[in-house]
Amino acid sequence: MEKKPFVTKEQVEEIVKKYPTPFHIYDEKGIRENARKVKEAFAWNPGFREYFAVKATPNPFLINILREYGCGTDCSSKTELMLSKAIGCKGEEIMFSSNDTPPEEFVYANKLGAIINLDDFTHIDVIDKLIGIPETISCRFNPGGLFSIANSIMDNPGDAKYGFTKEQLIEGFKILKAKGAKNFGIHSFLASNTVTNDYYPSLAKILFELAVEIKNKTGCHIKFINLSGGVGIPYKPDGTPNDILAIGEGVHKVYDEVLVPNGMGDVAIYTEMGRFMMGPYGGLVTRVGNMKHTYKEYIGTDACAVNLMRPAMYGAYHHITVLGKENEPCDHKYDVTGSLCENNDKFAIDRMLPKIEIGDYLFIHDTGAHGFSMGYNYNGKLRSAELLLKENGEVQMIRRAETPEDYFRTFDCFDFYKEVTK
Ligand SMILES: *Cc1c(COP(=O)(O)O)cnc(C)c1O
């Protein structure tokens, strides 16, 4: 599928008069259309809820859009829980899916009434001593080994730090029940960024069969099954996007095959998607400031890996459009770089693009999830602004860019900042 930016060069030239590059911009229309479809895809399940993975895009304005479609939040730290509280999420609208959890974060999650999803067997004892066993509790399952769909290996859960083994899960549910838990959830996350409509249905089959087994062995009431995240997006233009309606139907079919005949037709389906909810609806806009020719052709932009870490960290592909040159031939080979003192600070390597000039604006696609949020301050680089392109065409700043003052604020000797700016 051809990748088209949701802003034009003309729009960006207007925006930069007020908000200089680089910035992440989000497409309200796209976010809403997709959220509506997710809701529709699981409408067959009365208890369905998507808990948006806050870590993907922790911006209150964006999460509030999703909340209009019934989404809650999935948090894995105290700060993310605080953010959820700040925007008015409460009780079972919040999922706390954390690992290596500091005890005080269980206390805080419990105070908000969040559903706690335990990552480890030892945490049963930890929460029992700290807060008592909540009436509703969830545990994360890790089947070990390799996870494959249709003979292609998707991921390696046996090598992942998350979750209970099956024996621990069954034993854990027995203990939790004996200590007073009434409603149980099962959670699992087996593969990341899957671009196949079969991931959720395959995972659902594993979890639904496990739920039946657990119910039979422990007598626990399974209230929900949480398919977690992992539904991906095609970062490359030749990829086919997931069809969430087909995914929802695929889960429905397994539900009717496995849960319903076992008297479990009241189980709610939960999801914790991040990437699928936001990824395609964000872009990083950056201006070309330098061009360099040595052994290769380099395009230097005013963004860098602190604004978008995925290419540097995972070698991830992000499509790039040179705004205003959408119809020109891609007959130049470039490395598109940032200015960090790290040679992995490249948004693209050997990328075929139209002939670029200084002052061109690049639109780096699919930065709406795990983009801004993975930012950091290496080399004294500051986080960019986040902007929202509203449905009516207006642009709203939904997070200002960091300033040097923000950078200096965490030193005890904050007056130091006053000194340097004298
Ligand atoms: C990261 C994460 C998610 C979201 O994953 P996506 O790939 O963005 O959908 C959901 N749940 C948990 C526990 C996670 O760690």
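If you're wondering where the values come from, they're calculated on a predicted model, not measured in any experiment. Indexing begins at 1, ligand by ligand and atom by atom, following the structure's order.
- Inclusion of S192 in the set of residues having an N or O under 3.5 Å from an N or O of ligand 1 is not warranted.
- In this structure, K85 places its NZ atom where only 12 or fewer heavy-atom neighbours from other residues, nucleotides or ligands lie under 6.0 Å away.
- Ligand 1 places these atoms under 4.0 Å from at least one heavy atom of M273: 9 (O).
- The distance criterion of under 3.5 Å between nitrogen or oxygen atoms is not met by H187 with respect to ligand 1.
- Proximity to R140 (heavy-atom distance under 4.0 Å) selects the following atoms of ligand 1: 13 (C).
- Inspection of the Y19 and R400 side chains reveals no N or O donor paired with an N or O acceptor under 3.5 Å.
- Every atom of ligand 1 with a heavy atom of S97 under 4.0 Å away is listed here by number and element: 13 (C).
- Ring pair F363/H365 is perpendicular by interplanar angle, where above 60° counts as perpendicular and below 30° as parallel.
- Using a 4.0 Å cut-off to heavy atoms of A53, the atoms of ligand 1 that qualify are 3 (C), 4 (C), 10 (C).
- Short contacts between ligand 1 and G274, defined as distances under 4.0 Å to a heavy atom of the residue, involve ligand atoms 4 (C), 6 (P), 8 (O), 9 (O).
- Nearest protein heavy-atom neighbour of atom 5 (O) of ligand 1: F189 CE1, 3.6 Å.
- Listed by number with element, the atoms of ligand 1 under 4.0 Å from a non-hydrogen atom of S228 are 10 (C), 11 (N), 12 (C).
- Short contacts between ligand 1 and D74, defined as distances under 4.0 Å to a heavy atom of the residue, involve ligand atoms 10 (C), 11 (N), 12 (C).
- The protein heavy-atom contact nearest to atom 7 (O) of ligand 1 is G230 N, 3.4 Å.
- Taking a cutoff of 4.0 Å between a charged side-chain nitrogen and a carboxylate oxygen, E92 and R49 do not qualify as a salt bridge.
- Heavy-atom proximity to K55, at under 4.0 Å, picks out these atoms of ligand 1: 1 (C), 2 (C), 3 (C), 14 (C), 15 (O).
- For atom 13 (C) of ligand 1, the closest heavy atom belonging to the protein is E272 OE1, 3.5 Å.
- Comment: K253 does not engage E249 in a salt bridge, judged by the lack of any side-chain N to carboxylate O separation of less than 4.0 angstrom.
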